[in-house]
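The structure under discussion appears below in the form of structure tokens.
This is a predicted model, so every value here is computed, not measured.
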Amino acid sequence: MSEEKVRVRIAPSPSGNLHIGTARTALFNYLFAKKTGGEYVLRIEDTDLDRSSEAYKQNIFDSLKALGLNWDEGPDVGGPYGPYKQSERFDIYPKYAQMLIDKGYAYECFCSNEDLDEEHRIAEEKKIPYKYSRKCLNLTKEQKDELKAKGIKPSIRFKVEAKELIFNDLVKGELKFDTGLIGDFAIMKSNGTPTYNFAVVVDDMLMKISHVIRGEDHISNTPKQILIYEALGAPIPKFGHLGMILAPDRSKLSKRHGATAVSDFIKEGYLTEALLNFVALLGWAPSDGVEIKNVDEIAADFRINEVSSSNSIFEYEKLNWMNGQYIKHMDISKLTDLAIPFLNMYDLNKYSRKQLEHIIEVTREPITLLKDLVYDTQYFFEEPKYNEVEEILKGDVAKVVLPKFKSEVETYDFNNEENIHDKLAELRTYFKENHGFKPKETMWAIRSALTGRTRGADMVATIQILGKDEVIKRLEKLI
RNA sequence: GGUCCCAUCGUCUAGAGGCCUAGGACGCGGCCCUCUCAAGGCUGCAACACGGGUUCGAAUCCCGUUGGGAUCACCA
């Protein structure tokens with residue numbers, strides 16, 4: 001019976017862009033499904049119509065897809081257990097709520113918000129934990145009819161029985177609860193829509209979800225949900241609760257800490273591969289100690305019960321390092337495709353695709369973010385500004401090196417990188433022997449003249465990409 | 001505040017009673033390489049929150065303390 005097919009789901013609510021924490025939850029579900037040969041479904045939890053929006057939904061789709069976390073079933077691709085959007089399932093929930101009423105597991109509640117607020121206030125005043133008073137538990141049929149005749153629409157509450165509830169969490173181990181501490185909670189709102197806890201259970205049941213992997217902020221929902229499963233007579237899935245991702249100040253990761261949405265990270269020039277790899281390492285560790293791994297490699301090595309049960313802090317240093325690693329090793333054509341949107345302030349038509357790739361190739365090395373390319377490639381597209389290197393250009397070395405370099409560069413074979421390399425080496429030797437200039441100084445003068453910078457891409461490549469005309473033009477302006 | 005979860009270098013973590021003089025990665029310092037930044041190689045600094053047990057033996061098991069987090073809605 002525990003051998004049934006693994007089916008997991010990710011159920012974001014479209015009330016914001018896809019959060020990096022949600023992305024990690026999605027990833028862990030995806031990894032678990034991959035590892036076990038199970039299915040991974042996407043369900044949109046948009047029961048709160050006011051806070052949900054189409055734009056957020058689209059952002060969630062796009063972000064998940066960009067990360068490569070593609071779902072087997074979902075709102076767009078369909079599947080045997082649809083629809084996969086809760087707002088399209090509103091007709092389903094009342095039936096189950098009614099069933100629960102009929103079986104005595106739930107009852108109608110006519111309390112107004114004001115009544116409930118008052119109960120809360122009193123509980124707070126007495127400093128006792130709030131529990132619904134059960135005022136409406138024993139209403140007679142006549143009383144209910146009377147209330148309904150007045151136009152009061154009831155909500156439906158689940159009748160919670162006090163008992164000890166134990167379940168085995170996939171990552172936390174045995175978890176115990178005293179359900180006597182939980183009050184009777186609403187499963188249907190008076191407007192006829194389901195509450196979160198009810199919709200989740202009904203949907204997970206109907207969608208045959210076998211394992212629920214989610215953030216530990218849901219731990220306290222779990223007993224309520226188990227109670228509903230039991231009342232519904234449905235098999236209870238296995239639960240696994242992941243630690244949270246915290247900001248460096250140990251508070252919830254929020255906008256004031258920087259990017260929180262996957263799409264924000266992408267905009268800043270993080271690679272989705274790096275993002276995924278990094279976030280996997282928050283809680284999971286590779287068995288061979290090699291941290292840089294693609295999703296398939298991670299999936300093969302993934303064991304849900306080995307995931308760390310503590311919270312982890314999201315630090316940018318390692319993410320940045322990892323992003324740099326991915327940038328350095330990514331296929332250059334793919335990287336160029338990703339880089340081009342970041343460079344739209346430049347006239348990219350100055351160069352062929354091949355040359356563009358070359359530019360990216362020689363500037364990718366020191367960067368951590370794709371947007372760093374903007375500054376690092378600037379001198380390929382625009383006239384250099386020389387304020388940074390004024391001193392060098394006015395110096396004795398430059399005065400001697402630049403004229404000689406200019407006259408020599410005329411003879412360089414620009415189609416032959418090796419030729420440029422050798423000629424530059426000769427030049428360094430020449431100035432060292434005849435003027436006592438350090439190789440570094442010679443190169444500095446040339447680099448400054450050509451790029452306006454003291455650091456940057458490989459000089460040989462830079463000279464070649466710029467081309468003979470441009471190199472000479474830039475030199476002439478300075479001599 | 002009630003309930004629940006968590007606790008190894010600054011950070012992510014390895015560690016399932018002896019393999020631990022606690023390992024790796026990021027970051028930080030040093031050296032090497034080098035036309036610069038970077039990368040790479042080598043190397044250094046840095047942790048079992050505290051207190052009690054259990055045991056021949058505890059980072060690992062138990063209890064307490066402290067600290068952090070989550071949650072207490074007709075929001076998801």
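What separates CZ of Phe314(A) from C1' of G27(B) is a distance of 15 Å, to the nearest Å.
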Taking protein heavy atoms under 4.0 Å as touching, what does nucleotides 37-47 of chain B look like 5' to 3' if B marks base contact, S marks sugar-phosphate-only contact and - marks none?
BBSS-------
Using a 4.0 Å heavy-atom cut-off, write out nucleotides 64-71 of chain B from 5' to 3' as B (base contacted by protein), S (sugar-phosphate only) or - (no contact).
-----SSS
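Here Asp458(A) lies in heavy-atom contact (under 4.0 Å) with a base. At a threshold of 4.0 angstrom between heavy atoms, the contacts of Ser13(A) are confined to the sugar-phosphate backbone, with no base atom among them. Contact annotation for Lys172(A): backbone-only contact, meaning every heavy-atom pair under 4.0 Å involves sugar-phosphate atoms and none involves a base. Across all strands, Arg453(A) comes closer than 4.0 Å to no nucleic acid atom at all (heavy-atom distances). Within 4.0 Å (heavy atoms only), Ser190(A) reaches at least one base atom of the nucleic acid.
Between Lys189(A) and A76(B) there is a side-chain N or O to OP1 or OP2 distance below 4.0 Å. Contact annotation: Thr47(A) reaches the phosphate of A76(B) (side-chain N/O to OP1 or OP2, under 4.0 Å). In this model, the phosphate group of C5(B) is not approached by any side-chain N or O of His241(A) to a distance below 4.0 Å at OP1 or OP2.
On the C1' atoms, A47(B) is 12 Å away from A7(B), given to the nearest whole Å. On the P atoms, A70(B) is 31 Å away from A59(B), given to the nearest whole Å.
Taking the ring centroids of Phe314(A) and Tyr316(A), they lie under the 6.0 Å cut-off.
Base pairing of C26(B) is made with G10(B), judged by Watson-Crick or G-U wobble geometry with both donor-acceptor distances under 3.5 Å. Across all strands shown, C72(B) forms a Watson-Crick or G-U wobble pair, both distances under 3.5 Å, with G1(B).
In this model, a side-chain donor or acceptor of Glu291(A) finds a partner on the base of G24(B) within 3.5 Å.
Contacts between residues 429-439 of chain A and RNA chain B, defined by a heavy-atom separation below 4.0 Å, involve no residue at all.
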